[in-house]
2 protein chains.
Amino acid sequence: MNAAELLSHHHLKKSSARISIIRALQELETPASEPEISNKMGIHYDRTTFYRSIQTMVEAGLIRKIVVDKLVVRYALRDKPDHAHFYCDNCQQLTCLEDIHPGPYRLPAGFQTRESDVIIRGLCNSCSNHLPIETIH
Amino acid sequence: MNAAELLSHHHLKKSSARISIIRALQELETPASEPEISNKMGIHYDRTTFYRSIQTMVEAGLIRKIVVDKLVVRYALRDKPDHAHFYCDNCQQLTCLEDIHPGPYRLPAGFQTRESDVIIRGLCNSCSNHLPIETIH
DNA sequence: TTCTTGGTGCAACATTGTTGCATTTGATAC
DNA sequence: GTATCAAATGCAACAATGTTGCACCAAGAA
Ligand SMILES: [Mn+2]
Ligand SMILES: [Mn+2]
Ligand SMILES: [Zn+2]
Ligand SMILES: [Zn+2]
């Protein structure tokens with residue numbers, strides 16, 4: 001599904017910023033940070049517009065915002081069912097754990113879930129294999 | 001358990017900053033942000049020292065850092081078993097869901113979990129009762 | 001083509017966390 | 001108690017990320 005189709009699917013106007021953000025995310029194929037996305041978007045990039053566009057698309061459900069930790073925020077197209085994410089403390093790579101689905105959670109009476117996040121931090125397979133234990137503090 | 005005992009329990013030096021952070025968290029009784037904690041700490045507050053002290057105590061396992069979203073970070077004493085947290089999009093209150101425990105998760109081979117977070121966002125019981133539906137956008 | 005709503009670009013600002021370095025303090029040994 | 005030394009603190013400067021106000025522009029509908 002291309003950028004224009006995704007936008008009309010979510011009842012959003014087509015606009016240059018939105019289209020280039022979506023294309024950047026499609027090329028990157030993995031959840032990406034603002035700097036990573038802006039690199040793909042080339043010149044004529046405005047940070048304010050980025051944040052406003054991202055927010056619109058997040059609220060529309062087109063894009064997923066994954067907050068691993070303060071200073072570690074990644075964005076991804078919401079093209080797969082919700083799933084947990086693994087963040088490697090060593091190599092900073094974010095891995096989609098598409099087999100781990102959040103919830104459903106049994107909440108106290110009256111609480112309404114809008115969205116849930118599962119973030120697992122640790123060492124990824126590559127780092128736990130290649131790293132001598134002493135260097136992991 | 002008082003502040004000094006908690007520190008020695010975790011093999012950390014007693015220091016004025018650490019003690020007053022712990023006391024603030026004990027008084028607040030709920031996960032609190034840096035501004036909330038610093039208010040409780042009164043005058044003679046230094047933000048750099050706060051962040052260095054918090055980091056030390058988080059790494060020692062004395063304090064839990066709960067990242068709800070960028071610009072929404074809360075800290076709490078790690079005095080209960082790990083549990084999920086509910087963040088109300090309307091009133092911004094963070095509720096401990098002590099009955100919901102994260103994981104254990106079955107990860108791909110080689111992945112090692114160090115810590116996991118479950119954040120559920122939506123409307124709390126108070127807000128879903130009192131709020132007319134139209135005002136929830 | 002015109003109209004209108006909403007998107008964009010820019011400047012200024014806000015919040016939260018970090019780094020370097022000189023000074024002070026807590027814990028231990030004497 | 002006093003000396004010692006590593007570690008904690010305080011301050012200034014900086015960095016990263018997101019927000020707000022406002023003038024201008026562009027997409028989509030009439
Ligand atoms: Mn994912
Ligand atoms: Mn809690
Ligand atoms: Zn890794
Ligand atoms: Zn609420």
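Both backbone and side-chain heavy atoms feed into the values below; hydrogens, waters and symmetry mates do not. Residue numbers begin at 1 in each chain, while the letters A, B, ... track the order of the sequences.
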Please produce a list of atom pairs where a protein N or O lies less than 3.5 Å from an N or O of nucleotides 26-30 of chain C.
{"unit_1": "C/dG26", "atom_1": "O3'", "unit_2": "B/Lys14", "atom_2": "O", "d": "3.3"}
{"unit_1": "C/dA27", "atom_1": "OP1", "unit_2": "B/Lys14", "atom_2": "N", "d": "2.9"}

> How is A/Arg52 classified with respect to the nucleic acid when contacts are heavy atoms under 4.0 Å: base, sugar-phosphate, or nothing?
Replying inline: base
>> Using every non-hydrogen atom in the two residues, find where A/Arg78 and A/Gly61 come nearest and quote the distance to one decimal.
In response: CD-O, 3.1 Å
>> Whole angstroms only, please: what is the CD1-P distance between A/Ile54 and D/dT17?
In response: 14 Å
>> Salt bridge or not between B/Asp99 and A/Arg106? Use side-chain N to carboxylate O under 4.0 Å.
In response: no
>> Nearest 0.5 angstrom please: B/Gln93 CD to B/Asn125 CG, how far?
In response: 8.5 Å
>> Run the side chain to side chain contact (heavy atoms under 4.5 Å, CB included) test on A/Asn39 and A/Tyr45 for me, step by step, so that the C-alpha distance in whole Å, both residues' side-chain angles and the decisive distance to 0.1 Å come before the verdict.
In response: CA-CA 9 Å; A/Asn39 281 343; A/Tyr45 171 75; over 6 Å; no
> Where do A/Glu115 and A/Arg64 land on the salt bridge (charged side-chain N to carboxylate O under 4.0 Å, His left out) test, with the steps shown first?
Replying inline: CA-CA 10 Å; A/Glu115 181 162 59; A/Arg64 176 99 208 261; 3.7 Å; yes
> Over how many whole Å does the gap from A/Leu7 atom CG to C/dG6 atom C1' extend?
Replying inline: 14 Å
> Between atom CZ in A/Arg18 and atom P in D/dA26, what is the gap in whole Å?
Replying inline: 15 Å
>> For a quick test of reading the model: is some side-chain N or O of B/Ser53 closer than 4.0 Å to OP1 or OP2 of D/dT9?
In response: yes
>> Holding to salt bridge (charged side-chain N to carboxylate O under 4.0 Å, His left out), I want the full list of residues that pass it with A/Glu5, two or more places apart in sequence or in another chain.
In response: none
> On DNA chain C, nearest-nucleotide positions of A/Ala17 versus B/Glu34: which is more 5'?
Replying inline: A/Ala17
> Between A/Arg121 and B/Asp117, is the closest basic N to carboxylate O distance under 4.0 Å?
Replying inline: yes
>> As a quick check of understanding, evaluate side chain to side chain contact (heavy atoms under 4.5 Å, CB included) for B/Tyr75 and B/Ile66, giving each step before the final call.
In response: CA-CA 6 Å; B/Tyr75 304 92; B/Ile66 303 152; over 6 Å; no
> In residues 43-51 of chain A, what residues come within less than 4.0 Å of DNA chain D, judged by heavy atoms?
Replying inline: A/Arg47, A/Thr48, A/Tyr51
> When the distance from CD1 of B/Ile22 to C1' of D/dA8 is rounded to whole Å, what number comes out?
Replying inline: 14 Å
> Rounding to a whole Å, what distance do you find between A/His11:NE2 and C/dG6:P?
Replying inline: 16 Å
> Taking the side chain as C-beta and beyond, is there a heavy-atom pair between A/Arg23 and A/Lys40 under 4.5 Å?
Replying inline: no
> Think A/Tyr75 has a side-chain N or O under 4.0 angstrom from the OP1 or OP2 of D/dG18?
Replying inline: yes
> Could you give the CD-to-C1' distance, from B/Gln55 to D/dA8, as a whole number of Å?
Replying inline: 14 Å
